[in-house]
Amino acid sequence: MFQFQTKQMKAFFRQWQMQSMVIPGIIWMLIFCYFPMLWLIIGFMDYSIAKPMLESPFVGLKHFQDFVTDDRFWRSIRNTLGMSSIKLVLGFPIPILFALLLGEIRSLRFKRTVQTISYLPHFIAWTIFGGIALNWLGEGGVVNQLMITLGLQNREILFNSDPKYFWWITFFTDTLKETGWSAIIYIAAISGIDPGLYEAAELDGAGRWQRMWHITVQSIRPTIAILFILAVSGILGSNFEQIFMLKNNMNMKMAESLDLYIYNMGLVSGRHSFSTAVLFARSIVALGLLFMANQTSKKLTGDGIF
């Protein structure tokens, strides 16, 4: 054991130039991820921004009891789970399928063109992309014109003003914007597969779909498992920027996610301790989901994060 650690240390110091490249990332994580965790203590206080944190009275679990009895909190939980479940069940496989189909393209130039086009929406901020989406969904927008042309509806619908469409709007806009970017890691995993496996399978008479399923999918299974575990652990989270841009007074009852609820309580209403308590509770649940999803994945597929 000691010899192994000594070898690891020697290898570390031989590569000190490469190892030092991680230092800025560690500093960033400490400043923006770990240092702010000290302020979680205000979830157990009646914190006031007008006086020092440690002078605020300690109230224990008062704020936790308050949000558990708040109907608006449970509505935000319902909305978050609804939107996240749609994205997880329907949206998670889409980048995988996109990467698999892209890997079957023989023309390198065409493949690179498709990849580049699919990545581009990711780099457009939600403030811009959300505005474009609202224009498409509005009266006289592309979606209405297309639906009428195809005979799927006989009049224009204000999609973003009807609450029943909101969850699906978030799913489709998120899929359109992030599919290409999310597929990058799968494309990278596919590129690492030994071409000899495909040649041997082809000699054995395996068709294209058989090679895709039995070689490609099975080879990237650990990558799929890890990303699925992370997706499950983040099911109580939502794309705040997306929802903030697409929400309005008419669809709010289906649009207010847990992130938006925390924002409204903390920054809009000034209930900093209350919103911190909600955030703290959500983080504990997310951690539990991470462990649960990891154990389930290990039992079903043998792959997990730890």
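Scope of the values below: all heavy atoms of this structure, side chains included, with no hydrogens, waters or symmetry mates.
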Distance-only polar pair, side chains of Thr170 and Gln242, donor-acceptor under 3.5 Å: no
Under 3.5 Å donor-acceptor, Ser269 side chain and Arg271 backbone: no
Residue from Ile148, Leu137, Ile169, Ile157 passing side-chain contact (heavy atoms from CB on, under 4.5 Å) with Val143: Leu137
Non-hydrogen atoms of Tyr186 and Leu227 that approach each other most closely: OH-CD1, 3.3 Å
Steps toward side chain to side chain contact (heavy atoms under 4.5 Å, CB included) verdict (Lys164, Asn251): CA-CA 8 Å; Lys164 69 181 180 183; Asn251 63 26; over 6 Å; no
Considering all heavy atoms, the nearest Ala133-Leu246 contact: CB-CD2, 4.4 Å
Minimum-distance pair of heavy atoms, taken over all atoms of Glu156 and Gly140: OE1-N, 3.3 Å
Trp168 and Phe171 aromatic ring geometry - parallel, tilted or perpendicular at 30°/60° bounds: perpendicular
Interatomic spacing from CD in Gln115 to CD1 in Ile187 - rounded to 0.5 Å: 4.5 Å
Whether Asn144 side chain and Gly138 backbone form a donor-acceptor pair below 3.5 Å: yes
Side-chain touch Asp70/Trp74, heavy atoms, less than 4.5 angstrom: no
Student check: side-chain heavy atoms of Ser85 and Ile235 closer than 4.5 Å: yes
Chi angles and distances behind the side-chain hydrogen bond (donor to acceptor under 3.5 Å, both in side chains) call for Glu178, Asn239: CA-CA 12 Å; Glu178 301 296 339; Asn239 191 332; 5.4 Å; no
Heavy-atom side-chain proximity of Leu88 to Phe228 below 4.5 angstrom: yes
Beyond-backbone contact of Val278 with Met265, side-chain heavy atoms, under 4.5 angstrom: no
Test log, rule side chain to side chain contact (heavy atoms under 4.5 Å, CB included), inputs Arg75 and Tyr261: CA-CA 10 Å; Arg75 187 182 71 182; Tyr261 176 78; over 6 Å; no
From CD1 (Ile96) to OG (Ser182), nearest 0.5 Å: 10.0 Å
CG (Asp204) with more than 12 external heavy atoms under 6.0 Å: yes
Contacts of type side chain to side chain donor-acceptor pair (under 3.5 Å), residue Ser238, not counting sequence neighbours: Ser257, Asp259
Ile193 atom CD1, over 12 foreign heavy atoms within 6.0 Å: yes
Between CD on residue Gln65 and NE2 on residue His63, distance to nearest 0.5 Å: 10.5 Å
Greater than 12 external heavy atoms within 6.0 Å of Ile49's CD1: no
All side chain to side chain donor-acceptor pair (under 3.5 Å) counterparts of Lys177, not counting sequence neighbours: none
Asp66 to Phe274 - nearest heavy-atom pair and separation: CB-CE1, 3.6 Å
Evaluation steps, side chain to side chain contact (heavy atoms under 4.5 Å, CB included), between Glu199 and Glu202: CA-CA 5 Å; Glu199 294 170 5; Glu202 191 172 1; 5.6 Å; no
Heavy-atom side-chain proximity of Ile243 to Met83 below 4.5 angstrom: yes
Parallel, tilted or perpendicular: ring planes of Phe67 versus Phe73, cut at 30 and 60 degrees: tilted
Phe64 six-ring centre to Lys62 NZ/CZ under 6.0 Å and within 45° of normal: no
Distance (rounded to the nearest 0.5 Å) between His272 NE2 and Leu267 CG: 6.0 Å
Leu101-Leu176 co-clustered via ILVMFWY side chain contacts under 4.5 Å: no
Nearest-0.5 Å distance that lies between atom CZ in Phe172 and atom CH2 in Trp167: 15.0 Å
Residues, nucleotides or ligands: over 12 heavy atoms within 6.0 Å of Met252 CE: yes
Closest non-hydrogen atom pair between Met245 and Gly131, with its separation: CE-N, 4.1 Å
Thr216 side chain to Tyr198 side chain, donor-acceptor N/O pair below 3.5 angstrom: yes
Backbone of Ala293 reached by a side-chain donor or acceptor of Ser297 within 3.5 Å: no
Chi angles and distances behind the ring pair (Phe, Tyr, Trp, His ring centres under 6.0 Å) call for Phe159, Phe166: CA-CA 8 Å; Phe159 289 101; Phe166 188 82; over 10 Å; no
Side chain to side chain, Trp39 and Thr276, heavy atoms closer than 4.5 Å: no
Main-chain N/O of Leu258 paired to Thr80 side chain as donor or acceptor, under 3.5 Å: yes
Lys247 vs Glu256, salt bridge (charged side-chain N to carboxylate O under 4.0 Å, His left out): CA-CA, chis, key distance, verdict: CA-CA 8 Å; Lys247 71 172 178 64; Glu256 188 174 37; over 6 Å; no
Heavy-atom neighbours of Leu290 CG exceed 12 at 6.0 Å: yes
Transitive ILVMFWY side-chain link Phe110 to Ile117, under 4.5 Å: no
Step-by-step side chain to side chain contact (heavy atoms under 4.5 Å, CB included) determination, Phe98 to Val114: CA-CA 10 Å; Phe98 178 74; Val114 173; 4.0 Å; yes
pair Asn160-Met250: side-chain heavy atoms closer than 4.5 Å: no
Donor-acceptor contact below 3.5 Å, side chain Ser275 vs main chain Asn264: no
Phe123 CZ to Ile128 CD1 distance, which is reported to the nearest 0.5 Å: 14.0 Å
Contact summary for Val217 and Trp213, nearest pair of heavy atoms: CB-O, 3.4 Å
Side-chain touch Ser56/Lys51, heavy atoms, less than 4.5 angstrom: yes
